[in-house]
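Let me begin by presenting the structure, written as structure tokens, before commenting on it.
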Amino acid sequence: MKNNFQIPSGMHDILPEQQNVWQKINDTLSSIAQFYGFQRIDTSIMEDSELYIKGTGESSEIVQKQMYTLKTAGGDSLTLRPEMTPGIIRAYLEHGMPNLASPMKLYASGPVFRRERPQSGRYRQFHQFDLETIGEQDPVLDVQIIQFCAVALQSLHVGPFIIHINSIGCNQCRPHYKKALKDFYRSKLRQVCADCRARYKTNVLRILDCKDEKCQRVRTQVPPILDYLCEECHNHFKLVLEYMDATGFSYIVNHYLVRGLDYYTKTVFEIFAGDVSTSTEQTPVALAGGGRYDGLVRLLGGKDTPAVGMAMGMERIMNILEEKKATFGKEARIRVFLVQLGDLAKKKSLGLMERFRLSGIPVQESLGRASIKSQLRIADKVGAEFALILGQKEAIDGTVIVREMENGIQETVPLEQIVSYLKKRFAG
């Protein structure tokens, strides 16, 4: 049969055979987040476009190239969320959370949307797991966010991985570094790509994030930002590194790491798959990234509020686990398959299925099939231990035939006793 429709480019389906791994990722990340004191929040997948323009940065790659934006009939401009942090901060302010105890620790997961060139591990619709700690500037919370990522990846057996950390300073010291970068690149603009020549005018820091090989060659001569940090940022980063040493997780101080969003201040980090260094010879897969954003709450209408957060790419984790052929416990064996024939038997089956659910007995069925033979064939295919056969006669008599699939032995059991009968057979 011809299929006239295919999924749009850059989108993807998560199929039934992938759900075991997918659910394990979701459950593991949520469980660890709750252990660390984070509470779940779910925000809208569509927001006022201005929230992302203002929050993410007008010169950011997301705003310039990647947002899915639409105009409503009423003239509103709405955007599918390209990342979660601005929406969470909007909810934090809108629902009065600044009046609650600080820090406010929130986590979220769900789809995000970016219009970019699809490639391996990069989709236009993908899922992120997001953590935000709002209302505290202590650097130990920066490290707790990073530690969460490392612990979660270890728990999922995703490895090896390496943590890259840097500080990009604050609004006091970063302008001095930007000036130094401008001075450095002024005579080298012909040596970098066209995008970086544009970034030189809009946000020179973004040149350091470019993956173009020729830009990375020039980048090796760039003065490190750590030489330009003010005393407060220097002390903050010093404590971050000391706390990281206490976690026992290996890390690299990457002088070129700036992240692609304008709201970051001080600590930034990314976690890459594989045992990679800062070498420009390869572009490693980023599994998670984030940092501190002490100015975003105020930028979106609140008071000065320090915050730190991260986002983790869930598909990238799943891809690694699928490559490793990871399993997280096989699905429970189908022990009971319900076979029925006739309208009265179907009616009885609906109530019987609910009894099994309440008793914790997993059952599979094929209610739409009319032939007992075809249903028994399915029961055999799925490896059922018992087939319960409910025909017109059994439905009238209030009985059910229990058939052992391995040897074909059958026994008639009263319907009212079937749950206790099966539990005894399972126990034996």
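Index from 1, following the sequence.
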- Task: Using distance alone, with no hydrogens and no angle criterion, decide if Tyr52 and Gln66 have a side-chain donor and acceptor under 3.5 Å apart.
- Result: no
- Message: Salt bridge check, Arg81 against Glu47: does any charged N sit closer than 4.0 Å to a carboxylate O?
- Response: no
- Message: Between Asp42 and Arg40 (salt bridge meaning N to carboxylate O under 4.0 Å), is one present in this structure?
- Response: yes
- Regarding Thr69 and Thr79, is there a side-chain donor-to-acceptor distance under 3.5 Å anywhere? yes
- Using a 4.5 Å cut-off on heavy atoms from C-beta on, say whether the side chain of Asn26 contacts that of Met314. yes
- Could you tell me whether Glu50 and Lys54 have a side-chain N and a carboxylate O separated by less than 4.0 Å? no
- Donor-acceptor pair between Asn407 and Glu404 side chains, under 3.5 angstrom: yes
- Message: If you define the side chain from C-beta out and look only at heavy atoms, does anything of Ser366 sit under 4.5 Å from Phe337?
- Response: yes
In residues 413-422, what donor-acceptor pairs under 3.5 Å come from side-chain atoms, sequence neighbours left out?
from: Ser420; atom 1: OG; to: Gln417; atom 2: O; distance (Å): 2.9
from: Tyr421; atom 1: OH; to: Glu411; atom 2: OE1; distance (Å): 2.8
from: Tyr421; atom 1: OH; to: Arg425; atom 2: NH1; distance (Å): 2.8

- Message: Could you check whether any side-chain heavy atom of Asn319 comes within less than 4.5 Å of a side-chain heavy atom of Glu322, counting everything from C-beta outward?
- Response: yes
- Item | Ring centroid separation Tyr107 to Phe129 under 6.0 Å | yes
- Query: For the rings on His164 and Phe272, is their centre-to-centre separation under 6.0 Å?
  - Reply: yes
- Item | CA sep, side-chain torsions, deciding dist, call: Val204, Arg199, side chain to side chain contact (heavy atoms under 4.5 Å, CB included) | CA-CA 5 Å; Val204 68; Arg199 289 166 184 149; over 6 Å; no
- Query: Hey, is Arg292 close enough to Asp294 for a salt bridge, meaning N to O under 4.0 Å?
  - Reply: yes
- Query: Should Lys65 and Asp195 count as an ion pair when the cut-off is N to O under 4.0 Å?
  - Reply: yes
- Message: Using side-chain heavy atoms (C-beta onward) and a distance below 4.5 Å, is Gln137 in contact with Val308?
- Response: no
- Message: Are Leu131 and Leu106 packed together at the side-chain level, in the sense that at least one heavy-atom pair is separated by less than 4.5 angstrom?
- Response: no
Side-chain polar contacts of residues 298-305 - donor-acceptor pairs under 3.5 angstrom, sequence neighbours left out - could you list them?
from: Arg298; atom 1: NH1; to: Asp304; atom 2: OD2; distance (Å): 3.2
from: Thr305; atom 1: OG1; to: Lys303; atom 2: O; distance (Å): 2.8

- Message: Less than 3.5 Å apart, any donor N or O on the side chain of Thr85 or Glu132 sitting next to an acceptor on the other?
- Response: yes
- Message: Is there a side-chain contact between Lys178 and Leu205 in this structure, where contact means two heavy atoms from C-beta onward sitting under 4.5 Å apart?
- Response: yes
- Message: Would Tyr36 and Gln147 count as a side chain to side chain contact (heavy atoms under 4.5 Å, CB included) here? Give the steps.
- Response: CA-CA 10 Å; Tyr36 279 101; Gln147 183 179 31; 3.7 Å; yes
- Query: With distance as the sole criterion, is a donor-acceptor pair present between the side chains of Gln125 and His12 under 3.5 Å?
  - Reply: no
- Query: Any side-chain heavy-atom pair from Glu365 and Met353 closer than 4.5 angstrom?
  - Reply: yes
